[in-house]
Amino acid sequence: MARSAGGPASFRPSPGSIPESPGVYRFRDPGDRVIYVGKAKNLRQRLNSYFADFAGLHPRTQTMLTTAAGVDWTVVGTEVEALQLEYSWIKEYDPRFNVKYRDDKSYPYLAVTMGEEFPRVQVLRGAKRKGTRYFGPYSHAWAIRETVDLLLRVFPIRSCSTGVFRRAGQVGRPCLLGYIDKCSAPCVGRISPEDHRTLAEDFCDFMAGNTGRFVRRLEREMARAAAEQEYERAARLRDDIQALRRAMEKQAVVLGDNTDCDVVALAEDPLEAAVQVFYVRGGRIRGQRGWVVDKVEETGPGELVERFLLQIYGDAAAEVVPREVLVPTLPSDADAIAELLGEHRGGRVEIRVPQRGDKRDLLTTVERNAAEALRQHKLKRASDLTSRSRALQEVADALGLDQAPLRIECYDVSHMQGTDVVASMVVFEDGLARKSEYRRFSVRTTGGDVASIHEVISRRFKRYLEERSATGELDVEMGAEPGADPEAGAEPGIDPGAGAGPGIDPETGRPRKFAYPPNLVVVDGGPAQAAAARRALDELGVDDVAVCGLAKRLEEVWLPDEELPVILPRASEALYLLQRVRDEAHRFAITYHRSKRSRSVRESALDGVPGLGPARRQALIKHFGSVKRLREATAAQICEVPGIGPATAETIVSALKDESS
């Protein structure tokens, strides 16, 4: 083992000391705690990659190496053994730099306590218990209770608590369920323990997907009862059959009757990922479950899938592991993982990516669920007051600010190969978006993103200085809600009847357009963009606004005139907030750019047509929906537009044809 406390270079293993065999390695910190566990087909090649070019490593990997004080390794015989040992060590040491999935909520299961003398059906959450059969998980507990209520007509097994069961036995009288035939009342001896267990086993078989034989059996009994003129019994059996079918309808049929598989999909961004799994048994969706993970190490989709399969199935009971796992991307060690899961299951396990058909369609559905789960997780995290407060304080500490930046403005530039250049300004106050104060700019400068950032910052803060001068205030305090900027194309403002103040125009009663300064300006980009923003502020004499740039590729935070970026922890609330602000600015800029480009295309295509004024141009676009469809139309079709005659229609067709050629 190599060990030192002097940085990565000081504990680099000596040349030739690392074997070229498969194995598992551990990085440890100065306190001898394991902080990262990894596996490799070739230990020498993998470990040398950590030390060959430190500057070229991902910032998260750099953080792990600067935290570490040593590395050791264990040689194994095969890739499967490497997977097993890696999983065991991750579970044992819980390393801080390894990906760890966590449930995004506590999912309920339908459980049957087969380990008890009189098995009981109930809803359970949390850790699984030995001797209990589980079905699900379900998204809602009420969905389980509805299913159980239907099935107890046919399989009247015990569903009461231990206390209720014992009291009924002591008084010799069953509970209400026993009287309405939704329990066979084993508490008072109406059914033997053996027969009650048979009922419980039939209940489990039905839930496991063996539904057809129970329906067919009841249909035979109903026909026999009707033939024997036992019409009341035949009616009860008819109702039982309908109950079974309603229970089956609650589980959607998506694949063939003999299909048992788990469908795994993920949605990710640079900081987090969400995983959703649909459990398909007997061709029906039997349950759904979700996880989220902070991406504390550099990982791609394949590695996220690999970590997920190992973590979720590693400790699962053999019957939980399906014959087939459908994934969006194959992990690099797919064959080894399949072999490991097959050993655990006691049968073959196939891991594959569906390309077409029903399975591909189902995977697409699960992917949509994963994307929605990630969105909901982010909304919940963003709305949490404690998280927002911590994020603002972490930003202040990381950037060396005197106070938390209660107002943050972020700027992004959007263009198409240098044309139709636009920029956006979004505002976050107290960690929440203030959409009424968003602004959009048509950029006049040519010369790339750096020049555009300089122009936009200059224009925004010139307006701020003008507004401050107009109010006669040296400092404009934050607090009132400014309105929209119709000249810049912002989103709708607020009620103009807001109270007066330094940011309110006394003549109109509306908030001034750029009256409030931010505590922090964030620009989408690296050191060049941050320096341009700082230069614009310095030229205007604005020295009380902090500036930083957020580079998208590596999520690095750049301060003006600093040679090295600020690296925020991947799981920090500060980085999460800055990323959300930057992504919102990017979305707003892209929306404006597309709108402007679409408008310019329409105008340029029809402007040169003789005799075509604004009203008839608008009527044409409204009728056909787009210039593309108008270009595909014939003169006769164009004549259908009110106000367009045959001669004008021929002129339009000719003009659009000449433009496209």
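As a basis for the values below, the full set of heavy atoms in this structure was taken, side chains included, without hydrogen atoms, waters or symmetry mates.
Going from atom CG of Leu47 over to atom CH2 of Trp73 covers 6.5 Å, rounded to the nearest 0.5 Å. To the nearest 0.5 angstrom, Arg133 atom CZ is 7.0 Å from Met114 atom CE. Between atom OH of residue Tyr25 and atom CD1 of residue Ile18 there is a gap of 11.0 Å, rounded to the nearest 0.5 Å. Annotation: the span from Leu310 atom CG to Leu340 atom CG amounts to 6.5 Å, rounded to 0.5 Å. Here the CG-CZ distance, from Leu550 to Arg582, works out to 4.5 Å after rounding to the nearest 0.5 Å. Leu363 contributes atom CG, which lies 12.0 Å from atom CD of Gln276 (distance to the nearest 0.5 angstrom).
Annotation: side chain of Val277 is in contact with side chain of Trp291 (closest heavy-atom distance under 4.5 Å). Within the 4.5 Å cutoff, the side chain of Val24 has no heavy atoms near those of the Arg26 side chain. Here the side chains of Pro518 and Val545 are in contact, with some heavy-atom distance below 4.5 Å. Counting only heavy atoms from C-beta outward, the side chains of Met64 and Tyr50 approach each other to under 4.5 Å. No side-chain heavy atom of Phe588 sits less than 4.5 Å from a side-chain heavy atom of Asp412.
Without hydrogens or angle criteria, Glu394 side chain to Glu573 main chain gives a donor-acceptor distance under 3.5 Å. In this structure a side-chain-to-backbone donor-acceptor pair under 3.5 Å is missing from Glu584 to Val581. Of the possible polar contacts, one joining the Asn519 side chain to the Arg407 backbone as a donor-acceptor pair under 3.5 Å is found.
For Glu81, there are no side chain to side chain donor-acceptor pair (under 3.5 Å) partners two or more places apart in sequence or in a different chain. The ring-ring contact (aromatic ring centres under 6.0 Å, His included) test applied to Tyr87 returns no partner, not counting sequence neighbours.
Between Val349 and Pro322, the shortest heavy-atom distance links the atoms CG2-O, 3.5 Å. Between Ala398 and Leu568, the shortest heavy-atom distance links the atoms CB-CD2, 3.4 Å. Residue Leu401 comes nearest to Ala546 through the heavy atom pair CD2-CB, 3.4 Å, listed as atom of the first residue, atom of the second, then distance. Closest of all the heavy-atom pairs between Gly77 and Pro22 is O-CG, 4.3 Å. The nearest pair of heavy atoms linking Leu330 to Ala334 is CD2-CB, 4.2 Å. Annotation for Val275 and Phe308: closest pair CG1-CE1, 3.6 Å, computed over non-hydrogen atoms.
Taking the six-membered ring where the residue is Trp, Phe27 and Phe51 present tilted rings, their angle falling between 30° and 60°.
For CG of Asn42, the number of neighbouring non-hydrogen atoms (other residues, nucleotides, ligands) closer than 6.0 Å is greater than 12. A 6.0 Å sphere centred on CZ of Arg33 holds no more than 12 heavy atoms belonging to other residues, nucleotides or ligands. Taking a 6.0 Å sphere around CD of Gln45, one finds it holds 12 or fewer heavy atoms contributed by other residues, nucleotides or ligands. Residue-environment remark: CD (Glu563) stays at or below the threshold of 12 foreign heavy atoms within 6.0 Å.
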Candidate pair Thr329 and Leu304, rule side-chain contact (heavy atoms from CB on, under 4.5 Å), full reasoning: CA-CA 9 Å; Thr329 305; Leu304 285 172; over 6 Å; no

Criterion side-chain contact (heavy atoms from CB on, under 4.5 Å) on Asp430 and Leu392, from CA distance to verdict: CA-CA 8 Å; Asp430 197 22; Leu392 293 170; 3.7 Å; yes

Intermediate values then yes/no, side-chain contact (heavy atoms from CB on, under 4.5 Å), Val327 and Val353: CA-CA 5 Å; Val327 296; Val353 180; 4.1 Å; yes

Candidate pair Arg534 and Leu537, rule side-chain contact (heavy atoms from CB on, under 4.5 Å), full reasoning: CA-CA 5 Å; Arg534 181 74 268 169; Leu537 292 174; 3.4 Å; yes

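A salt bridge (Lys or Arg N to Asp or Glu O under 4.0 Å) with Glu20 is found for one member of Arg46, Arg44, Lys41 and no other, namely Arg44. Between Arg580 and the options Leu578, Asp583, Leu577, a side-chain contact (heavy atoms from CB on, under 4.5 Å) holds for only Leu577.
The residues Lys39 and Glu306 are annotated as salt-bridged, a charged nitrogen and a carboxylate oxygen being separated by less than 4.0 angstrom. Salt bridge Arg307/Glu86: present, at least one basic N to carboxylate O contact under 4.0 Å.
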